[in-house]
Amino acid sequence: MLSFCKLLILIIFISLSCADDRPFLQNSIKRASDAILLPCDPYGLSVAHSCIIFASTYARKLVVFDATSNEMVLAPNGYFPLPIKVGPATHRLAKITSKQENFPYFLALDQALPALYAIQAFPDKTKKRLSFFTPQEQKLDKNIRPFHMAAWQGDDHVYVLLSFRDDKSIGILALDPQTGIIDPKVQPQKIDLGEKPSHIVIDEDRKFALISDEEKHVLHKLDLSTIKNILINPAHAQKSEINIGMPADKIYLQKRDFGEGLKSYAVAFKAGDKELKLINITDDKISLPIKLDAPLQVAYFPDEKSASCCEKKAQSDPSFNNRHWIALADIKGRLTYYLIKKANNNLTLEANSDEVVNLLDEKNFALGQLLLTSIIGGQVLVDPALKNSDNCAKKNMRKMFFVANFATARVRSWTNADAAPVEEEAQGYSCEGEVGVTRFGHTRE
Amino acid sequence: MHFPFAMAINGQTLLLSSQDSDGKYDYGRLVAFDTKEIKQDIKNLSQKWEQLVKSNVLIPPDIGLISFEDYIIFASRADNRLYLTPKPLCNEPFEVISKCPDTATLDLGHNDPYALAVLEKKTERDIILASYLSSGHLDLIEYNKKPKKPALKALKSLNIQDWLGEKYKGDFFTKKVSVAQANLYILVERKPSKEFIDDLTKRKVSFKLATLRKNTGALLLKIKVDDLLNKNKITDADIKIFNLQEDFGISLAQDFYIDKNDEIAVILARSPESLIKIKLDSEKILDTQLLCRGASLMAVSQDLDRIVVPCFSDNRVISLTLSSLAIVAASDFHGRGPAFALIDEDHKKVFVSFNIEGKVGVFDFDLKYLGELFEPAPRNRVGS
């Protein structure tokens, strides 16, 4: 018996000593329905890290990946990812657009209940509410189901916009800026808006919100400076329409300088369509439709601090050596970098067709099929106390994270025609602008 | 009840059937309930369900989907026969269905019959279509109503493989068929042909994934019922093909629904496991929604704007709006292996067969659990 115990201890010791000291815990982020990248302090050590929060609609929990230390944020037992308990269909997340660098909380939205959760990313001053502690469920109007949300910090509240696609309206809530609890003194309001309002984005200066309308083929622009008046009377809403002439359920908004000074630009398209538009929101100018050869999944539109893309292409065409690009992923699993160029006073996209990244390829994700929820990214905070072996950090490069909601590996047996594809976890990253992707937790055979 | 699976409803009559794919039992059961009576004392249903049974006949152990309009039809995978009975009653309880006086049967001649559709309804005769889970055969069967005992007769046998020409090579099999506005829709998956597999093993073709993808995938086919019944030869020109893999990224599909106006299709995809709503004329995606694991089939009510999906692997049931695929409710755990859902529009209830648990759950429209029919199997019987 004693020798058996010794053997057991030896096996445990060997397995621990050989293990990666920062393992990616596999099978903890399957079927991500949304993800956000934001500053956090996962263990309350007063050091800001960058965290990716993952929502998976039916998982009834959120999980957190600490992008600074390259590991999952762990539960108190130290073995499993920390589950943040939420509702039965919590599908959306939103960070608060704010001037404050380390905003204390973020939001999660459950479509079925429906309910809103404010979850601490940093402990509060009293340390009563720790990072990622189980949030309070704040029930919303049961008769209308919110599809999307966005939030920003105003003068005395955090305001949340919710889109109600079936109700042709959007809703506004006012939250306590410290706790994220809905302020009972401020009556939530609803604004009738178009035909099918869906995706909402907030301008980084918090001056306006854009809401895509899938039926009316416009972007609604809502002036946020009058938000207090809207909460008194929704008829006071200052809104206008930008006719984009196509349905859109995805909008990416950034302030960029494409040679005309710093302006707000939006990339809009409908997932599954082959057409997108680039819109100069500041001057209300819309690019000609940009047609692609395969239906689109998601885009990555970096901010003004983006890295350059397309090093190899720039050797033959120096115009590609710049930071004016977007990356588009299509349903065939290809990621293409497009240079944003000015031609005849109009913005167009030129593909870097020499360096199309086949995400499914053996050297990238090594998958049979990949469906992306989003690509998020930017600067990942560095913790000087941690040894960082990450390639991008070594090169001081920003990162792009690929968030997948479904992926399959190739069929196991080539000779068995009945072999069904095997579902795989497929979250990954690359350095911003680079060609190639690394899949978390994937060991190449 | 062992392995409850397919259900069907017509008026106030609810039919429940069992599907024993393992061949553990010699017979399955087809049980009929009156939905009006499943209302009082619903929490104690599992103790008194037998009092509510209107009929209980023995059927072959492994049947496919049930079609229940003017009469009941289903096909058995155990003996590859089609069964038709005008009513769910036999003279004697626990009678074998083939011995019931009004039941007609027909040998189908192909393996794994599953989904059925009534293509044409006339006073004297109807035309029924049978499809198969392991091949692209489609059989047209005449149901002659004139004789005292109903009679079934094979009319013609077709094969999807012959329709699609050179463009789509592979071995096809049918997941589901449905008729909308005089059009027949057929959901097929294709796997690489035996020749392709031979070539692959002999390394005559490349092992690249792209090559395999070209030889697999799901298609939704649309053909006019008139053409199917009257044309001597169907060609690819007679068929509208929705290439679900190339155009919508769906490589495997489980189920589909076509709306009453024949304008919109909702595809329940297995890979990726999601619901995808497509406008049929423009072939554009209207909405998509991720699903839970093991979404097997869906129940749809256009009038009540609802889709209910049982999730076999997650042991939950979810409901969504048909109009925008918004999630309305996700149930708690009530049993293992939810496999088939049915919406009772009149009473705003949802019935779900828990295949592993051996019971049928009754839910309200918000997926609150009301009770169950049949005594559930012991928890340690089959793992899940």
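Worth knowing before you read on, the calculation uses all heavy atoms, side chains too, and leaves out hydrogens, waters and symmetry mates. Per chain, numbering begins at 1; letters A, B, ... match sequence-line order.
At a 4.5 Å heavy-atom cutoff, the contact between B:Leu286 and chain A is made by backbone atoms alone. For A:Glu214, the part lying near chain B is the side chain, with the backbone staying farther off; criterion is any non-hydrogen pair under 4.5 Å. Interface residue A:Thr57: only side-chain heavy atoms are found under 4.5 Å from chain B. Using a 4.5 Å cut-off between heavy atoms, A:Ala404 does not touch chain B at all. With a 4.5 Å cut-off on non-hydrogen atoms, B:Ser331 touches chain A through its backbone but not through its side chain. Heavy atoms of A:Lys142 lying under 4.5 Å from chain B belong exclusively to its side chain. Only the backbone of B:Ala329 comes within contact range of chain A, with at least one heavy atom under 4.5 Å from a heavy atom of that chain. Neither the backbone nor the side chain of A:Lys274 comes within less than 4.5 Å of any heavy atom of chain B.
A distance of 9.5 Å separates CG of B:Asp314 from OH of A:Tyr58, quoted to the nearest 0.5 Å. Going from atom CD of A:Gln369 over to atom CG of B:Leu252 covers 7.5 Å, rounded to the nearest 0.5 Å. For the atom pair NZ of A:Lys270 and CD1 of B:Ile285, the computed distance is 7.5 Å after rounding to the nearest 0.5 Å.
Under the ring-ring contact (aromatic ring centres under 6.0 Å, His included) criterion, A:His199 pairs with A:His148, sequence neighbours left out.
Remark: A:Lys61 NZ is loosely packed, at most 12 non-hydrogen atoms of other residues, nucleotides or ligands lying under 6.0 Å away. The environment of A:Lys85 atom NZ is sparse: at most 12 non-hydrogen atoms of other residues, nucleotides or ligands sit within 6.0 angstrom.
The two atoms that bring B:Ser324 and A:Arg165 nearest to each other are O-NH2, 2.9 Å, heavy atoms only.
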